[in-house]
Protein chains: 2
Amino acid sequence: MPTPNAATRPDTPADLPEPLSEPSIEELRLEVVMGALGDPLRMGIVHKLLVDAEDFDHACGWFGLDRPKSSLTHHFRTLRDAGLIRQRQYGLERRSHVRVADLNARFPGLLALVADWAPQPE
Amino acid sequence: MPTPNAATRPDTPADLPEPLSEPSIEELRLEVVMGALGDPLRMGIVHKLLVDAEDFDHACGWFGLDRPKSSLTHHFRTLRDAGLIRQRQYGLERRSHVRVADLNARFPGLLALVADWAPQPE
DNA sequence: TTCTATGTACGAGTCTAGTCGTACTGATGC
DNA sequence: GCATCAGTACGACTAGACTCGTACATAGAA
């Protein structure tokens, strides 16, 4: 499990909580990212973050997902382990945002596809 | 293992064998496509088809995959069911090619990502 | 016809993902 | 102190993926 050093992250303001453990940019794997997006619930999470997130970080209650908390933990962790989202602890809440810069740098065009995604009708 | 001599490439689709059962363009789902690409073996198949295929259709022996035939059947079927490849029966061989036009129309940029993919180094 | 080559069908085993309930932790507020 | 709230950890269950061996179907060539 990769443990990135926040000191090497030049764009991280000092007043933000430390990001939780996540793969570095070099460790991002396209097949892992796509595997994580293979589940419609997770695809919907990333999609909603890209489309509806007006400010940056959102706790998982914001998504309005009707699943037990333990299931959400599983899916958010899968997304974070794949490198799709970054999570920070804000007091009680663990807020997430998409790693837009990292993903655009490694997989240009991928996030545009996710943003254009529409959930299965019916 | 040399490539089978390229089948005569009549530009009239009527001369080609009928494609095997596959989803229509409207039925293509991004999360299904990405789920199919979540396996490194399948990612490698599509990648090789995009990068190394000089002519159009290749039988699965062309890929040089060291797996039992029944495993390959499973993976190629998964790719076809997801809409990534089209398969046609040429006598004994079932040859495949990527549905480039369909995928570019529905998910522009996706195939470029797969073409840029590199297998996990060791 | 018989042999060979390509690939499917089927079944079984194993492994992992997804699901959920319950108990727990850690921060906030009374 | 105590209660509350967001989220994790853990265990269990289930369904599906991945794997493979074997048997079978079929096309083409000897």
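Quick note on labels: first sequence line is chain A, next is B, and so on, each numbered from 1.
Rounding to whole angstrom units, CZ of residue A/Arg67 and C1' of D/dA6 are separated by 19 Å. Here the P atom of nucleotide D/dT8 and the CG atom of A/Leu72 are 9 Å apart, to the nearest Å. Separating the CG atom of A/Leu41 from the C1' atom of C/dG18 is a distance of 10 Å, rounded to the nearest angstrom. Counting to the nearest Å, the P atom of D/dC18 and the CG atom of B/Asp81 are 12 Å from each other. Between B/Ile45 atom CD1 and D/dC18 atom P there is a gap of 11 Å when expressed in whole angstrom units. Between the CG atom of A/Leu92 and the P atom of C/dG29 there is a distance of 8 Å, rounded to whole Å. In this structure, B/Met43 atom CE and D/dC18 atom P are separated by 13 Å, rounded to whole Å. Across the protein-nucleic acid pair, A/Arg95 atom CZ and D/dC5 atom C1' stand 14 Å apart, rounded to whole Å.
For B/Thr73 against C/dG7, a side-chain-to-base donor-acceptor contact under 3.5 Å is absent.
Residue B/Arg42 is in sugar-phosphate contact alone, with no base atom involved, counting any heavy-atom pair closer than 4.0 Å across all strands shown.
Taking the side chain of A/Cys60 as heavy atoms from C-beta on, and the options C/dG7, D/dG7, C/dA27, the nearest nucleotide is D/dG7. For A/Pro68, the listed nucleotide lying nearest its side chain is C/dG21; candidates were D/dA17, D/dA6, C/dG21. Closest to the side chain of A/Ser70, from the set C/dG26, D/dC10, C/dT6, is D/dC10.
In terms of heavy atoms, B/Ser96 sits closest to B/Gln87 at OG-NE2, 3.2 Å. The two residues B/Ala82 and B/Leu28 have their closest heavy-atom pair at O-CD2, 3.7 Å.
Side-chain contact between A/His97 and A/Arg88: present, with at least one pair of heavy atoms (C-beta onward) separated by less than 4.5 Å.
Although no hydrogens or angles enter the test, the distance criterion places a donor-acceptor pair under 3.5 Å between the side chain of B/Arg106 and the main chain of B/Ile25. When atom types are taken as modelled, the side chain of B/Arg95 and the backbone of B/Tyr90 share no donor-acceptor pair closer than 3.5 angstrom.
Put simply, A/Arg77 has no side-chain N or O that comes within less than 4.0 Å of OP1 or OP2 on D/dT8. In this structure, A/His75 does not reach the C/dA17 phosphate: none of its side-chain N or O atoms is under 4.0 Å from OP1 or OP2. The shortest distance between the side-chain N/O atoms of B/Ser71 and the OP1/OP2 oxygens of D/dC18 is not below 4.0 Å.
Looking at which nucleotide of DNA chain C each of B/Arg94 and A/His74 is closest to, the 5′-most match is held by B/Arg94. Both B/Gln87 and A/Lys69 sit near DNA chain C, but only B/Gln87 has its closest nucleotide nearer the 5' end.
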